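Have a look at the structure below before the remarks.
Because the structure is a prediction, the values reported are computed rather than measured.
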Amino acid sequence: MKFKEKGNFAERCYEILRKVPKGKVTTYKAVAKKLGTKAYRAVGRAMNKNPHSFFNGGNVACHRVIGSDGSLVGFAHGLKKKGEMLKSEGIEIKNGKVDLEKYEFKF
DNA sequence: TATTTGACCAAGA
DNA sequence: ATCTTGGCCAAAT
């Protein structure tokens with residue numbers, strides 16, 4: 001009984017993102033690792049789709065996900081917007097980057 | 001079914 | 001420090 005359950009992967013990502021408290025951020029790598037995979041890219045791609053975005057009535061903080069380097073890699077509505085949102089949550093951004101040491105939320 | 005893509009990452013030049 | 005290359009995995013086309 002091997003159920004591939006494709007599509008479940010993305011759902012998992014959203015669940016994890018929901019666990020990230022306000023004022024904290026996580027990295028694609030961390031999420032992928034949590035899922036027990038190395039599909040960093042797949043995670044980000046799932047965010048791009050983000051069926052649970054705030055605009056869709058969901059509550060997945062896709063903007064709290066950043067690169068392992070602390071950079072705001074990308075955002076569906078523009079990196080600029082992403083930075084603003086993070087600042088609004090109390091996260092300090094320096095030179096377009098976030099201090100992972102301070103704001104990275106560990107599961 | 002096969003190919004391409006993507007909000008990544010690490011290493012090399 | 002920046003740019004390029006290769007590798008990784010899942011979803012889209």
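Nucleotide B/dA7 holds its C1' atom 16 Å from the NZ atom of A/Lys97, rounded to whole Å. At whole-Å resolution of the value, NZ in A/Lys33 and C1' in C/dC9 are 16 Å apart. Going from atom OH of A/Tyr14 over to atom C1' of B/dA7 covers 12 Å, rounded to whole Å. The OH-P distance, from A/Tyr28 to B/dG6, rounds to 14 Å in whole Å. In this structure, NZ of A/Lys38 is placed 15 Å from P of B/dC9, rounded to the nearest angstrom. In this structure, CG of A/Leu35 is placed 13 Å from P of C/dC9, rounded to the nearest angstrom.
Scanning both residues, A/Val98 and A/Tyr103, for their nearest heavy atoms gives CG1-CD1, 3.6 Å.
If you check residues 43-77 of chain A against DNA chain C, the residues with a heavy atom closer than 4.0 Å are A/Arg45, A/Lys49, listed by number.
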Tabulate below the donor-acceptor pairs under 3.5 Å that side-chain atoms of residues 74-92 of chain A make, not counting sequence neighbours, or state none.
{"from": "A/Lys82", "atom 1": "NZ", "to": "A/Val65", "atom 2": "O", "distance (Å)": "2.5"}
{"from": "A/Lys82", "atom 1": "NZ", "to": "A/Gly74", "atom 2": "O", "distance (Å)": "3.1"}
{"from": "A/Glu89", "atom 1": "OE1", "to": "A/Arg64", "atom 2": "NE", "distance (Å)": "2.7"}
{"from": "A/Glu89", "atom 1": "OE1", "to": "A/Arg64", "atom 2": "NH2", "distance (Å)": "3.3"}
{"from": "A/Glu89", "atom 1": "OE2", "to": "A/His63", "atom 2": "NE2", "distance (Å)": "3.2"}
{"from": "A/Glu89", "atom 1": "OE2", "to": "A/Arg64", "atom 2": "NE", "distance (Å)": "3.4"}
{"from": "A/Glu89", "atom 1": "OE2", "to": "A/Arg64", "atom 2": "NH2", "distance (Å)": "3.0"}

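With ring centers used as reference points, A/Phe105 lies under 6.0 Å from A/Phe107.
Following chains of ILVMFWY side-chain contacts shorter than 4.5 Å, one cannot reach A/Leu35 starting from A/Val25, and the two form parts of different hydrophobic clusters. In the hydrophobic clustering of ILVMFWY residues, with side-chain heavy atoms under 4.5 Å counting as a link, A/Leu100 and A/Tyr28 come out apart.
Nucleotides of DNA chain C nearest to A/Tyr40 and A/Ala10 differ in position, and the one nearer the 5' end is that of A/Tyr40.
Between A/Leu17 and A/Met47, some side-chain heavy-atom pair lies under the 4.5 Å cut-off.
Nearest nucleotide to the side chain of A/Ala42, out of B/dA7, C/dA10, B/dC9: C/dA10.
For B/dC9, the OP1/OP2 oxygens have no side-chain nitrogen or oxygen of A/Lys29 closer than 4.0 Å.
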